[in-house]
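All remarks here apply to the structure that follows.
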Amino acid sequence: MEIKDTVLNLVEKYGTRNPMELADYLGFIVQKHDLGKYSGYYIEYEGVPCICINSRITDTKYSDIVLAHEVGHGVLHKGTECMFFGGTFFSKAKPEQEANIFTAELLIPDKTILENPGMSKKQLAGLTGYREKLFDFKIIGRRN
Ligand SMILES: [Zn+2]
């Protein structure tokens with residue numbers, strides 16, 4: 001199944017695009033700790049998906065990105081682990097790219113793009129508060 005369809009099915013089923021609510025519905029344990037230079041991580045502990053977000057992050061839009069990325073791993077890649085830091089957005093590894101697509105599809109509804117035709121990624125980033133790089137992973141088309 002396409003990642004976009006996976007996200008749309010989750011959004012429809014649980015009625016939210018909020019990654020914290022979604023993590024809760026999916027039974028993921030989410031905690032906040034001081035992780036130093038890392039933004040967050042995902043691990044499975046005795047089969048339970050656990051996500052930790054760096055408590056130093058004050059930008060809620062960025063913590064939503066990190067959380068959505070880790071939820072993406074939990075949904076798409078059972079059994080993987082991920083340490084998220086700023087460079088994860090630029091990773092060429094397939095699971096990282098897929099988690100980034102999951103993040104973009106969850107946090108950016110198609111209508112945000114469709115209702116603002118001609119806007120650059122930079123302008124869309126300013127409009128939504130999310131980092132410009134996130135828009136590289138957004139796929140427009142097919143279902144809405
Ligand atoms: Zn990752």
Side-chain angles (χ1 to χ4, degrees), residues 1-114 119-144:
M1 198 195 296
E2 298 282 334
I3 294 168
K4 189 184 185 84
D5 291 328
T6 304
V7 173
L8 289 172
N9 287 343
L10 288 171
V11 169
E12 210 165 289
K13 182 172 179 185
Y14 297 111
T16 183
R17 286 181 179 274
N18 180 308
M20 188 63 91
E21 288 180 14
L22 200 55
D24 203 32
Y25 283 128
L26 293 169
F28 294 5
I29 293 173
V30 180
Q31 295 187 321
K32 286 194 175 188
H33 293 292
D34 187 343
L35 302 177
K37 66 174 179 167
Y38 288 102
S39 297
Y41 66 77
Y42 172 81
I43 54 159
E44 284 162 25
Y45 183 71
E46 294 183 348
V48 180
C50 303
I51 294 168
C52 189
I53 304 295
N54 194 332
S55 56
R56 290 192 201 180
I57 299 173
T58 52
D59 176 353
T60 57
K61 292 286 186 177
Y62 182 62
S63 68
D64 278 354
I65 285 175
V66 177
L67 184 53
H69 176 101
E70 304 300 4
V71 169
H73 281 302
V75 170
L76 301 170
H77 316 116
K78 222 173 161 19
T80 58
E81 294 185 0
C82 172
M83 296 290 288
F84 189 104
F85 61 103
T88 302
F89 255 163
F90 300 90
S91 170
K92 295 264 188 288
K94 195 172 176 228
E96 296 315 318
Q97 298 233 339
E98 289 178 344
N100 289 336
I101 291 169
F102 184 98
T103 305
E105 293 299 340
L106 182 65
L107 299 180
I108 310 164
D110 281 6
K111 69 177 175 68
T112 302
I113 313 282
L114 298 172
M119 264 204 187
S120 67
K121 285 172 187 171
K122 189 174 183 174
Q123 287 171 317
L124 287 165
L127 180 75
T128 59
Y130 295 119
R131 296 180 178 204
E132 192 178 339
K133 183 72 187 159
L134 183 63
F135 292 85
D136 287 353
F137 299 100
K138 175 67 190 170
I139 299 159
I140 288 293
R142 305 202 313 110
R143 286 176 56 181
N144 284 318

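Everything numeric here is computed off the predicted structure, so don't read it as measured data. Counting convention: from 1, in listed order, for ligands and their atoms alike.
Looking at Glu96 and the Zn ion (ligand 1) together, the shortest N, O or S contact belongs to OE1.
Residue His69 holds its NE2 atom at 14.5 Å from CG of Asp64, rounded to the nearest 0.5 Å.
Between Phe28 and Tyr42, the ring-plane angle classifies as tilted under the 30° and 60° cut-offs.
The residues Lys133 and Asp136 are annotated as salt-bridged, a charged nitrogen and a carboxylate oxygen being separated by less than 4.0 angstrom. Using a 4.0 Å cut-off between a side-chain N of Lys or Arg and a carboxylate O of Asp or Glu, Lys122 and Glu132 do not qualify as a salt bridge.
Backbone or side-chain N, O or S atoms of Glu70 do not reach the Zn ion (ligand 1) at under 2.8 Å.
The Zn ion (ligand 1) is the vertex of the angle joining NE2 of His73 and NE2 of His69, which measures 100° to the nearest 10°.
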